[in-house]
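In what follows, a single structure is set out as structure tokens and then discussed.
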Amino acid sequence: MMRTATIGSLLALHVAVQASPNLPFVINTWGGPFTTATDAAYLSLRNSTASALDAVQVGCSTCEKNQCDGSVGFGGSPDENCETTLDAMIMDGTTMKSGSVAGLRRIKDAIAVARHVLEYTTHTLLAGDLATQFAVSNGFPLSNLTTAEQAKRCAAWREDNCQPNYRINVSPDPKSSCGPYIGIALNSSSPAYKRALTPDASQTSHDTISMITIHSSGTMAAGTSTNGATWKVPGRVGDGPITGSGSYVDGDVGGCGATGDGDIMMRFLPCYQAVENLRQGMSPKDAAEDVVKRILRKYPDGSYGIVVVDKHGQHGGAGSGWTFTYAFRGGSMNATEVVSVPPLTENRRGAKIVYIKLARAFAQQRRGEGER
Ligand SMILES: *[C@@H]1O[C@H](CO)[C@@H](O)[C@H](O)[C@H]1NC(C)=O
Ligand SMILES: *[C@@H]1O[C@H](CO)[C@@H](O)[C@H](O)[C@H]1NC(C)=O
Ligand SMILES: *[C@@H]1O[C@H](CO)[C@@H](O)[C@H](O)[C@H]1NC(C)=O
Ligand SMILES: *[C@@H]1O[C@H](CO)[C@@H](O)[C@H](O)[C@H]1NC(C)=O
């Protein structure tokens, strides 16, 4: 009995659930400047007739306008041509309908255009110049997404031989030269090929807002907005606009938001997986940790952050490669609270630590029984 209790309490600590402050509820990736989005979304749910979907749009738009951290909205994360392009997605947890734009050019309001895809088409994803054309035909103004500051930064990057960049297996050597590049014979034992499995730490410039909202009535929505990775190959689309990757929500279960090395993360559909984990009965924290560990098994050196919330507003997060933070506000909270999530160790080491703790608990228990 006692032994079970000891192990049980140990596990309880491990699976600690962050209690819900009640509905309505808003949660999103990152603290700091991203809490302006949390507040805006929360206040729209509390003060008005805004739906869960409206609140996601209000929250993500706030970050697009404020250029949260330079990684959302105009004027950030230029590609090799110094152009900012935007990726965004919005999803309705009741109908499971989602709308996205990818590689959106010359339009600032990415999440609002994504909402138009959701509301006014039966499609899920529009991309590139033709997404811009769709936006213009819906009344969105064209604008220059490049700020003077970004143009200067881009000139300095070129001056520095276009370092860092995302090219591999090309000539001239992308580690010392600008393009144009041409592909060379694929060689899976070359250092360049291996580097593609271990993202360059200097390239971790890819924060994203991913948000999940729960209306007082219990309906849910989710969304993501980002300007992607700095110095990306023009045309690159990240995880943000991919349903199940950047974010995901099923109002019967819960929702998830992701941030990090999108090129890697989208190979795992981490938010789809996290919501399925909730459906299988995992706590939000365990659901998040499980998906981060799945990615770490193949790509131990990237930066990842996952926030998960169930339909009641219980929440948890997991990350690796950085100290991930997420923000939430719900019920009658006066202010947004930020949760700091220490990075997970690589899976095998993590498993070993849990094993050692369990072994110690057993040993202690045995000693206790002996004395009795
Ligand atoms: C929402 O209501 C609170 C008080 O209930 C008020 O302080 C706040 O300014 C309102 N916000 C908006 C956006 O209306
Ligand atoms: C956009 O603005 C930047 C910075 O002011 C400028 O360098 C660039 O030429 C502009 N692009 C266009 C197409 O006007
Ligand atoms: C592949 O790369 C390795 C390491 O750089 C090199 O030793 C080998 O000769 C290359 N193989 C081919 C076929 O180019
Ligand atoms: C919110 O602020 C008011 C006034 O400062 C205080 O009375 C109340 O307890 C606060 N509520 C919460 C949930 O912190």
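If you're wondering where the values come from, they're calculated on a predicted model, not measured in any experiment. Note that these values count all heavy atoms, side chains included, but never hydrogens, waters or copies made by symmetry. Atoms within a ligand are numbered from 1 in the order they appear, just like the ligands themselves.
Considering both main-chain and side-chain atoms, Thr147 never comes within under 3.5 Å of ligand 2 through any nitrogen or oxygen pair.
In this structure, Phe328 and His315 have tilted ring planes: the angle between them lies in the 30° to 60° band.
Residue Thr146 has at least one heavy-atom neighbour below 4.0 Å for each of these atoms of ligand 2: 1 (C), 2 (O), 3 (C), 4 (C).
Listed by chain and number, the residues in a side-chain contact (heavy atoms from CB on, under 4.5 Å) with Ser216 are Pro24 (sequence neighbours excluded).
Of the protein's non-hydrogen atoms, the one nearest atom 13 (C) of ligand 2 is Asn144 ND2, 4.6 Å. Scanning all protein heavy atoms for the shortest distance to atom 7 (O) of ligand 2 gives Ala151 CB, 4.1 Å.
Side-chain atoms of Thr84 and Gln150 include a donor-acceptor pair closer than 3.5 Å.
The pair Asp250-Lys311 fails the salt-bridge criterion, with no side-chain N (NZ, NE, NH1 or NH2) lying under 4.0 Å from an Asp/Glu carboxylate O.
For atom 11 (N) of ligand 2, the nearest protein heavy atom is under 4.0 Å away.
Counting only non-hydrogen atoms, the option in Ser143, Gly75, Ala148 that gets closest to atom 5 (O) of ligand 2 is Ala148.
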Test Ser210 against Ser247 for side chain to side chain donor-acceptor pair (under 3.5 Å), laying out the working first.
CA-CA 6 Å; Ser210 291; Ser247 53; 5.1 Å; no

